[in-house]
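Each chain gets a letter, A, B and so on, in the order its sequence line appears, and its residues count up from 1.
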2 protein chains.
Amino acid sequence: MSKCEQCIVRQLNSLKSLNKDELIRISSCKTSKTIKKGEVIFEEGDHINGVFCISDGICKVSKMSSNGRDQIIHLAKKGAILGERSLISDEAANLKATAINDMEVCFIPREEIIKDLEKNPGFSMNVLKDLARSLKNVDNVLVDMAQKTVKQRLAEMLLNLEIKFGHNSENVLNIHLSREDIANIIGTATESAIRLLSEFKKEKIILLKGKNISLIDTAKLKKIAQGF
Amino acid sequence: MSKCEQCIVRQLNSLKSLNKDELIRISSCKTSKTIKKGEVIFEEGDHINGVFCISDGICKVSKMSSNGRDQIIHLAKKGAILGERSLISDEAANLKATAINDMEVCFIPREEIIKDLEKNPGFSMNVLKDLARSLKNVDNVLVDMAQKTVKQRLAEMLLNLEIKFGHNSENVLNIHLSREDIANIIGTATESAIRLLSEFKKEKIILLKGKNISLIDTAKLKKIAQGF
DNA sequence: TGTAAAAACTGACAATTATCATATTATAAA
DNA sequence: TTTATAATATGATAATTGTCAGTTTTTACA
């Protein structure tokens, strides 16, 4: 099993502020696992008792609404840490995490993280910053969800996917989402999402080939996202 | 000016974990001010350089959407701290805070809070818990906003107002919101909010007298909120 | 107290979005 | 490959919500 001290992934998150001794201690008690596409990492209500550090792959973090539909709150990629909030509140998970493609994650038990939070102010400051960043982000998503039309939100989401995941040499976004996932990100019915994607395609704003999406006219997308 | 050491409000928030010396230091550099109903405490983009501790009154915390409508993210009452997120991220405010009735707030400069965050692990743990609580809350609001109808959201909001602000001896909610504010909380047009409130009134679920709202049939409201 | 301005309300209609039904295409398993 | 299954797509329609226009009521203040 690879060692935390040598893992470059931790440079991407709050673990980067841990010193060598702390990393060695964490390394000795962490567990790595492979998660297949579609598998659930944790569910709402689970007592996860630790955090997951994503070393590879992408997962969706979602919550079931009382009317039975799943809302995707965000997408987590390599370097992201899952379960931080539950760990701090010492509560069961409020969200569900599901792999969108094959993943590699490390699990670090709760006590180890708590130790470092208490002893290493730099680390707890970084965790604070992580939460602050998440909070700002959800606030912004909330405003869009409340005030923008489905079409605006779809345009916005496509632009965000481009920023977060980029595209390959053929301009295809480096993330493959089902139409249902797309609908669950922007908070609409699957049919509506499909219809709007087709509309964007017809207007040559994007290119669609199965789950491959290419943004052609990002300027137009930006305009749509802002309501023009 | 009253002293932090003797202030009972701090028992309601993360400042409760500060010791006497820390409180005396903060007390000596804090400033208190009265804010009139309708006045803005800070705006999006302001460099607030500190946090506000609400000792009395209620304010709305909102963000302007790119289509020009204000979305209220949450309501803050006595004991709440404003500006924590911006302080931690060391960024300009992402949100705007506006008094919805006359308020008393104390302002504590950034450096003082930072000092305590670095030195007092109990305090930084409490701030972490504050942010974690906020994060969980917005996540839940986001799901409702994305998946529920306006009617469901209105019912939900009324129940939340009851929980957070309670009611007086005549069963009138202890918070007075304009119809526009109500609309901006649930993310709809003012007219739609008014129409649904009238509908609830006609069905004897609530009582309306100007800005006075009384919940009559909370069981029914709960059913509506869950989509029945 | 009177009056102007703002807030609350109502109606009519248009636009958006959801739902249901069904067809087509892609994917995975035998 | 063949076939079953799931995912995607499209049409028709209903329900929800927004917009605009105008009225009534309330509030603030001279």
Is the phosphate of [N], meaning OP1 or OP2, less than 4.0 Å from a side-chain N or O of [X]?
{"X": "Ser198(B)", "N": "dT10(C)", "value": "yes"}
{"X": "Arg69(A)", "N": "dT19(C)", "value": "yes"}
{"X": "Lys211(A)", "N": "dT8(D)", "value": "yes"}

Please tell me which of the listed nucleotides, [options], lies nearest to the side chain of [X]?
{"X": "Ala189(B)", "options": "dT19(C), dT19(D), dT8(D)", "result": "dT19(D)"}
{"X": "Ile194(B)", "options": "dG18(D), dC9(C), dG11(D)", "result": "dC9(C)"}
{"X": "Val150(B)", "options": "dT17(D), dT8(D), dA8(C)", "result": "dT17(D)"}
{"X": "Arg195(B)", "options": "dA12(D), dA12(C), dT17(C)", "result": "dA12(C)"}
{"X": "Ser192(B)", "options": "dA12(D), dG18(D), dG11(C)", "result": "dG18(D)"}
{"X": "Glu191(A)", "options": "dT10(D), dT10(C), dT8(D)", "result": "dT10(D)"}

Practice item. Looking at every strand, decide which applies to Thr190(B) at a 4.0 Å heavy-atom threshold: base, sugar-phosphate, or nothing. Key: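 Counting heavy atoms under 4.0 Å across all strands, no contact is made by Thr190(B).
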Practice item. Evaluate whether atom NZ of Lys164(A) has more than 12 neighbouring non-hydrogen atoms of other residues, nucleotides or ligands under 6.0 angstrom away. Key: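 Check passes, neighbour count above 12.
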Point to revise | Residue Lys77(A) excluded, over 12 heavy atoms near NZ under 6.0 Å | key: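 More than 12 heavy atoms, drawn from other residues, nucleotides or ligands, come within 6.0 Å of this atom.
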To the nearest Å, how far apart are [X] [atom1] and [N] [atom2]?
{"X": "Lys151(A)", "N": "dA15(C)", "atom1": "NZ", "atom2": "C1'", "value": "11 Å"}
{"X": "Phe200(B)", "N": "dC9(C)", "atom1": "CZ", "atom2": "C1'", "value": "17 Å"}
{"X": "Lys201(B)", "N": "dA8(C)", "atom1": "NZ", "atom2": "P", "value": "13 Å"}
{"X": "Gln147(B)", "N": "dT17(C)", "atom1": "CD", "atom2": "P", "value": "14 Å"}
{"X": "His176(B)", "N": "dT26(D)", "atom1": "NE2", "atom2": "P", "value": "15 Å"}
{"X": "Glu199(B)", "N": "dA8(C)", "atom1": "CD", "atom2": "P", "value": "19 Å"}
{"X": "Leu208(A)", "N": "dT8(D)", "atom1": "CG", "atom2": "P", "value": "11 Å"}
{"X": "Leu154(B)", "N": "dG18(D)", "atom1": "CG", "atom2": "P", "value": "12 Å"}

Review point. Is the closest basic N to carboxylate O distance between Lys151(B) and Glu199(B) below 4.0 Å?
Key: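 Salt bridge between Lys151(B) and Glu199(B), a charged N being under 4.0 Å from a carboxylate O: yes.
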Check your understanding: Considering heavy-atom distances to DNA chain C, does Ser178(B) or Lys148(A) have its closest nucleotide positioned more toward the 5' end?
Key ->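 Closer to the 5' end of DNA chain C: Ser178(B).
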Exercise for review: Using modelled atom types only, decide if a donor and an acceptor are shared between the side chain of Arg179(A) and the backbone of Ala193(A) within a distance under 3.5 Å.
Suggested key: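 Here the side-chain-to-backbone pair does not exist.
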Practice item. Using side chain to side chain donor-acceptor pair (under 3.5 Å) as the criterion, point out the one residue from Lys60(B), Lys211(B), His176(B) that pairs with Asp181(B). Key: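 Only match with Asp181(B) under side chain to side chain donor-acceptor pair (under 3.5 Å): Lys60(B).
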